[in-house]
Amino acid sequence: MTPLPLSFYRRDTETVARELLGQRVCRRLPDGRLLSGVIVETEAYLGIADRACHTFGGRRTPRTDTMYADGGVAYVYLIYGMYWCLNAVTQREGDPEAVLIRALAPEQGQEIWQAAYPRLKPAQWLSGPGRLCRALQIDRACNGQPLTQGDLWIEAGAGAAPAAIVAGPRVGVDYAGEAAHWPLRFHVAGEPSVSRPR
DNA sequence: ATGACGATTTACT
DNA sequence: GTAAATCGTCATA
């Protein structure tokens, strides 16, 4: 295991969102088992100027405090009262931007997911921000934790060829006005685990 | 103290 | 296609 270095995250957020495609999210369960998947879909959230971002306008609250940290930690929050979402905080301390991890292609842990979600096809197990957190047992305990060590980390994968990356509008941010149209969602073309095809 | 709502998913008509 | 599930967060008072 060789986690991506902190310097990977402390850069332009759109660049990090694109380059996270093809990298590997790893999770060590309390019983020692390893789960992992390759990132196939991300979204960039650009901080105070981005109406779709939790930190729009400089909002700093107990929840969003994590986004103000130096890049390289996880920002995990609860949505709709029942699903957790995993983000990688980017940029430097005080610049509250992040990348939402929206979907993974299953790697390690397929027996576990087959048993847990027998009704879903393998490509669906980690398809969607809420689903992947459920499958990897990611919750508020991961919030603020470094992605470079510990029980949740991101390590180098094969990456995604730039030509295979598709950009489009972000999902579920219709309330964000102009920002709702910004092409900050990225996915790997042809990957079956990508959420909401088309 | 109150109430509206959300970076979603699932079940059902 | 529509609606339910479910609750922490945040703005308002």
Side-chain angles (χ1 to χ4, degrees), chain A residues 9 13-18 20-21 25 37 39-69 71 73-91 95-106 113-144 147 152 154 165-188 192-198:
Chain A
Y9 301 97
T13 301
E14 178 176 341
T15 300
V16 176
R18 288 177 174 273
L20 274 173
L21 295 173
V25 175
I39 300 172
V40 296
E41 181 181 354
T42 60
E43 283 178 358
Y45 284 84
L46 305 186
I48 63 176
D50 179 0
R51 196 169 187 80
C53 187
H54 291 161
T55 56
F56 174 67
R59 286 198 313 269
R60 184 165 189 166
T61 65
R63 176 178 66 155
T64 63
D65 196 56
T66 305
M67 286 188 69
Y68 287 80
V73 302
Y75 170 48
V76 179
Y77 67 91
L78 182 67
I79 188 65
Y80 295 112
M82 62 194 101
Y83 297 104
W84 298 95
C85 289
L86 170 66
N87 298 254
V89 173
T90 60
Q91 297 283 21
D95 194 351
E97 307 193 3
V99 174
L100 173 67
I101 311 297
R102 287 194 56 90
L104 309 175
W113 298 321
Q114 179 62 248
Y117 317 113
R119 307 179 51 174
L120 295 179
K121 291 182 287 189
Q124 314 299 314
W125 292 337
L126 312 177
S127 179
R131 280 181 175 171
L132 78 86
C133 283
R134 184 181 58 184
L136 296 186
Q137 300 181 30
I138 292 166
D139 60 21
R140 65 166 14 120
C142 296
N143 187 45
L147 291 168
L152 174 65
I154 301 178
I165 298 175
V166 180
R170 293 170 292 182
V171 175
V173 296
D174 294 342
Y175 58 84
E178 184 69 19
H181 307 300
W182 296 353
L184 295 176
R185 176 187 183 224
F186 307 100
H187 70 267
V188 180
S193 286
V194 171
S195 71
R196 310 198 193 196
R198 285 290 57 206

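Order of the sequence lines sets the chain letters (A, B, ...), proteins ahead of strands, with each chain counted from 1.
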Checklist line | Heavy-atom closest pair, residues A:L132 and A:I101 | finding: CD2-O, 3.4 Å

Check: Are any of A:R102's side-chain N or O atoms less than 4.0 Å away from OP1 or OP2 of B:dT8?
Finding: yes

Notebook entry, point to check: Would a distance-only check, ignoring hydrogens and angles, find a side-chain to backbone donor-acceptor pair under 3.5 Å from A:R60 to A:Y68?
Noted result: no

Notebook entry, point to check: Would one find a side-chain N or O of A:R134 under 4.0 angstrom from OP1 or OP2 of B:dT8?
Noted result: no

Next item on the list: Would you indicate which nucleotide in C:dT9, B:dT8, C:dT6 comes nearest to any side-chain atom of A:R63?
Entry: C:dT9

Checklist line | Of the listed nucleotides B:dA7, C:dC10, B:dT8, the one nearest the side chain of A:C53 | finding: B:dA7

Next item on the list: Identify whether the distance between the nearest side-chain nitrogen and carboxylate oxygen of A:E43 and A:R102 falls below 4.0 Å.
Entry: yes

Checklist line | Nucleotide of B:dA7, C:dC10, B:dT8 approaching A:R196 most closely (side-chain heavy atoms) | finding: B:dT8

Item checked: Separation of atom CG in A:D174 from atom P in B:dT8, rounded to whole Å -> 10 Å

Next item on the list: Enter the distance from A:R63:CZ to A:Y77:OH here, rounded to the nearest 0.5 Å.
Entry: 7.5 Å

Check: About how many Å separate OG of A:S193 and CD of A:E41, when rounded to the nearest 0.5 Å?
Finding: 10.0 Å

Next item on the list: Would you mind reading off the distance between A:W84 atom CH2 and C:dA5 atom P, rounded to a whole angstrom?
Entry: 21 Å

Notebook entry, point to check: Does A:R134 make a cation-pi contact with A:Y83 (under 6.0 Å, within 45 degrees of the axis)?
Noted result: no

Check: Using a cut-off of 4.0 Å on non-hydrogen atoms, how would the nucleic acid contact of A:G81 be classed: base, sugar-phosphate, or nothing?
Finding: base

Note to self: Checking the side chain of A:T66 only, and the main-chain atoms of A:G144 only, is there a donor and an acceptor separated by less than 3.5 Å?
What the structure shows: no

Note to self: What is the distance, to the nearest angstrom, from the CZ atom on A:R59 to the P atom on C:dC10?
What the structure shows: 8 Å

Checklist line | Upstream residue (5' side of DNA chain C) when A:R140 and A:M82 are each assigned their closest nucleotide | finding: A:M82

Item checked: Nearest-angstrom distance from the residue atom CG of A:L120 to C1' of B:dA11 -> 13 Å

Item checked: A:R131 NZ/CZ over A:Y117 ring centroid, <6.0 Å and within 45° of normal -> no

Notebook entry, point to check: Between B:dT8, B:dA7, B:dA11, which nucleotide gets closest to the side-chain atoms of A:R119?
Noted result: B:dA11

Notebook entry, point to check: Do any side-chain nitrogens or oxygens of A:Y83 fall under 4.0 Å of OP1 or OP2 in B:dT10?
Noted result: no

Next item on the list: Measure the distance from OH on A:Y80 to P on C:dC7 and round it to the nearest whole Å.
Entry: 16 Å

Notebook entry, point to check: Donor-acceptor pair under 3.5 Å: do we get one between A:Y77's side chain and the base of B:dA7?
Noted result: yes

Notebook entry, point to check: In dot-bracket, 5' to 3', how would DNA chain B read with Watson-Crick or G-U wobble pairs under 3.5 Å, [ ] for crossing ones and | for pairs to another strand?
Noted result: ||||||.|||||.

Next item on the list: Provide, to the nearest angstrom, the distance between the NE2 atom belonging to A:H181 and the P atom belonging to B:dA7.
Entry: 17 Å

Next item on the list: Please report, rounded to the nearest Å, how far the P atom of B:dA7 is from the CD atom of A:E41.
Entry: 16 Å

Next item on the list: Could you state the atom-to-atom distance from CG of A:N143 to P of C:dT9 in whole Å?
Entry: 10 Å

